[in-house]
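To find a chain, count down the sequence lines: A is the first, B the second, and so on, and within it residues start at 1.
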Amino acid sequence: MCGRYALTADKDALALEFEVDATTDVQLPPRWNIAPTSDIYIVRERQEGGQRVRELVVARWGLIPAWAKEESIGARLANARAETVAEKPAFRGSFAKRRCLVLCDGWYEWLPAQPARAGVRQPKQPYLMTVTGRQHVAFAGLYEWWREPGTPADAPALLTANLITTDAVGVAAQVHDRMPVLLDHHAWSRAISDLPEQPVAIRPVTTDVNSVRNDGAYLWGEFFPPTLDPSAVAEAEISDQDSQDQTLF
DNA sequence: CCAGACGTTGTT
DNA sequence: GTCTGG
DNA sequence: CCAGACGTTGTT
DNA sequence: GTCTGG
């Protein structure tokens with residue numbers, strides 16, 4: 001699963017990298033500890049005069065279905081299961097028409113604390129997960145618009161989003177049985193079931209990550225700023241050729 | 001028909 | 001909004 | 001995801 | 001124990 005992640009890049013750098021046509025004016029601060037209900041960057045596509053327009057926008061993490069009576073349900077809908085996302089009433093509309101990319105530098109998973117001396121509570125151990133050779137990762141996600149019941153239809157709506165999870169594979173499975181659906185940077189158009197497996201790197205980080213009150217580059221320790229393996233970067237650039245079809249997974 | 005749910009995770 | 005359960 | 005709260009009244 | 005907030 002994924003309930004915490006980092007995103008430190010500037011919006012304009014992300015806009016270039018993800019080849020968007022339009023970019024929000026809102027600059028979010030760099031974050032190493034993003035939790036559900038935080039503002040995040042997503043990339044979505046809309047049709048405009050027969051053209052597909054890709055935009056980088058801000059959304060709130062935690063999808064609030066359009067029919068929800070309370071905003072608070074969003075905090076519990078930070079994820080959607082890939083196995084059922086097409087059928088679940090809360091998600092199927094978004095899955096059919098409102099897919100997005102959720103951008104991040106890396107995400108966190110936790111292992112239970114080691115058993116300690118009696119009476120001493122040990123914190124859970126967080127692990128930082130990144131995709132080898134990439135500074136940024138796109139999760140498969142969904143978005144939705146929500147207005148508090150009774151608000152006029154022309155009032156501004158709240159844009160919310162979540163990310164799709166699937167069975168963990170590879171090294172990610174050593175820490176957890178679920179993981180986000182990782183979209184190959186240049187294979188956004190492939191169906192979820194047909195996505196190539198991404199090489200994931202896992203590193204333990206400070207338990208300061210556990211509290212959402214803590215944030216800063218220090219949470220990544222020596223792993224920030226990330227240094228990329230040059231061979232992995234070269235390979236990524238070669239596969240650039242794939243990005244013809246613009247449909248999001 | 002109306003009322004009520006609609007979700008994921010981890011943990012037991 | 002839409003489906004399920006009663 | 002983890003951490004932290006979990007409640008009401010009257011008075012300032 | 002369970003829900004809410006971040």
Side-chain angles (χ1 to χ4, degrees), chain A residues 1-7 28-40 58-98 102 104-116 121-130 137 139-151 153 157-158 160-168 172-181 192 200 202-216 219-220:
Chain A
M1 81 90 48
C2 179
R4 213 77 75 78
Y5 68 84
L7 180 60
L28 299 178
R31 298 281 309 275
W32 289 263
N33 203 356
I34 298 172
T37 71
S38 282
D39 280 344
I40 59 173
V58 171
R60 182 190 295 188
W61 186 10
L63 190 142
I64 306 176
W67 41 258
K69 293 184 184 68
E70 311 239 335
E71 202 173 340
S72 60
I73 191 177
R76 299 192 299 284
L77 302 183
N79 296 166
R81 293 177 60 87
E83 296 86 341
T84 53
V85 68
E87 289 86 37
K88 292 290 185 182
F91 302 137
R92 60 189 170 201
S94 292
F95 185 70
K97 296 189 169 170
R98 290 176 297 278
V102 174
C104 83
D105 296 345
W107 69 102
Y108 303 102
E109 306 281 2
W110 279 259
L111 281 183
Q114 296 304 320
R121 200 178 306 274
Q122 293 288 109
K124 299 180 84 172
Q125 175 60 52
Y127 289 83
L128 168 63
M129 310 219 171
T130 55
V137 185
F139 297 145
L142 308 174
Y143 68 90
E144 181 59 284
W145 294 101
W146 182 79
R147 276 188 204 86
E148 188 160 19
T151 358
L158 177 64
T160 64
N162 69 1
L163 59 96
I164 301 173
T165 64
T166 187
D167 281 332
Q174 294 172 12
V175 177
H176 203 64
D177 63 338
R178 306 288 295 172
M179 67 184 287
V181 172
I192 284 184
V200 172
I202 303 186
R203 288 153 296 190
V205 288
T206 171
T207 54
D208 279 7
V209 171
N210 295 12
S211 174
V212 297
R213 292 173 310 183
N214 300 324
D215 205 343
L219 294 177
W220 279 35

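Atom CD in A:Gln125 sits about 17 Å away from atom C1' in D:dA3, given to the nearest Å. In this structure, A:Leu77 atom CG and E:dT4 atom P are separated by 12 Å, rounded to whole Å. Here C:dG1 presents its P atom at 11 Å from NZ of A:Lys69, a figure rounded to the nearest Å. Atom CG in A:Asp215 sits roughly 17 Å away from atom P in D:dC2 (whole-Å rounding). For the pair A:Ile64 CD1 and B:dA5 C1', the computed distance is 17 Å after rounding to whole Å. Between A:Tyr108 atom OH and B:dT9 atom P there is a gap of 20 Å when expressed in whole angstrom units. Remark: C1' of B:dG7 and CD of A:Glu144 are 14 Å apart, rounded to the nearest angstrom. The nearest whole Å value for the distance from the CG atom in A:Asp177 to the C1' atom in B:dT11 is 12 Å.
Contact annotation: A:Ser211 does not reach the phosphate of E:dG6 (side-chain N/O to OP1 or OP2, under 4.0 Å). Under 4.0 angstrom from either OP1 or OP2 of B:dT11 there lies at least one side-chain N or O belonging to A:Lys124. For E:dT4, the OP1/OP2 oxygens have a side-chain nitrogen or oxygen of A:Arg76 closer than 4.0 Å. The shortest distance between the side-chain N/O atoms of A:Arg213 and the OP1/OP2 oxygens of D:dC2 is not below 4.0 Å. Taking only side-chain nitrogens and oxygens, A:Arg178 comes nearer than 4.0 Å to OP1 or OP2 of B:dT9.
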If you apply the rule side chain to side chain contact (heavy atoms under 4.5 Å, CB included), what do you find for A:Arg98 with A:Leu142, and how did you get there? CA-CA 6 Å; A:Arg98 290 176 297 278; A:Leu142 308 174; over 6 Å; no

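Here, B:dC2 and D:dT11 have their C1' atoms 47 Å apart, quoted to the whole Å. Here the separation of B:dT8 from E:dG6, taken at their P atoms, is 24 Å to the nearest Å. Here the separation of D:dA5 from B:dA3, taken at their P atoms, is 39 Å to the nearest Å. For the C1' atoms, the distance from C:dG1 to B:dT9 is 26 Å, rounded to whole Å.
Atom CZ of A:Arg4 sits about 7.0 Å away from atom CG of A:Asn210, to the nearest 0.5 Å. Put simply, CG on A:Leu128 and OH on A:Tyr108 are 5.5 Å apart, with the number rounded to the nearest 0.5 Å. With rounding to the nearest 0.5 angstrom, the CZ atom of A:Arg31 is 11.0 Å from the CD1 atom of A:Ile40. Taking CG of A:Asp39 as the reference point, atom OG1 of A:Thr160 lies at 11.0 Å (rounded to 0.5 Å).
For A:Trp67, whose side chain is taken as the heavy atoms from C-beta onward, the closest listed nucleotide among B:dG7, C:dG1, B:dT9 is C:dG1. Here D:dC2 is the nucleotide among D:dC2, C:dC3, B:dG7 with the atom lying nearest to any side-chain atom of A:Arg4. Distances from the side chain of A:Val212 to the nucleotides C:dT2, B:dT8, E:dG6 place E:dG6 closest.
At a threshold of 4.0 angstrom between heavy atoms, the contacts of A:Phe91 are confined to the sugar-phosphate backbone, with no base atom among them. Contacts of A:Arg31 with the nucleic acid, taken as non-hydrogen atoms under 4.0 Å apart, are absent. Residue A:Pro36 is classed as a base contact, given a heavy-atom separation below 4.0 Å to a base. Among the protein residues, A:Asp208 comes within range of no part of the nucleic acid, since none of its heavy atoms lies under 4.0 Å from any strand. In this structure, A:Ala35 reaches the bases: a heavy-atom distance under 4.0 Å links it to at least one base atom across the strands shown. The residue A:Thr37 sits close to a base: some heavy atom pair falls under 4.0 Å.
In this structure, A:Glu83 pairs ionically with A:Arg178, as a charged nitrogen and a carboxylate oxygen lie closer than 4.0 Å.
In this structure, A:Trp110 does not count as stacked on the base of D:dC1 under the 5.5 Å centre distance and 30° plane angle limits.
For B:dG4, the paired base is C:dC3 (Watson-Crick or G-U wobble, both distances below 3.5 Å).
Among A:Phe139, A:Trp32, A:Trp61, the one residue that satisfies the ring-ring contact (aromatic ring centres under 6.0 Å, His included) test with A:Trp107 is A:Phe139.
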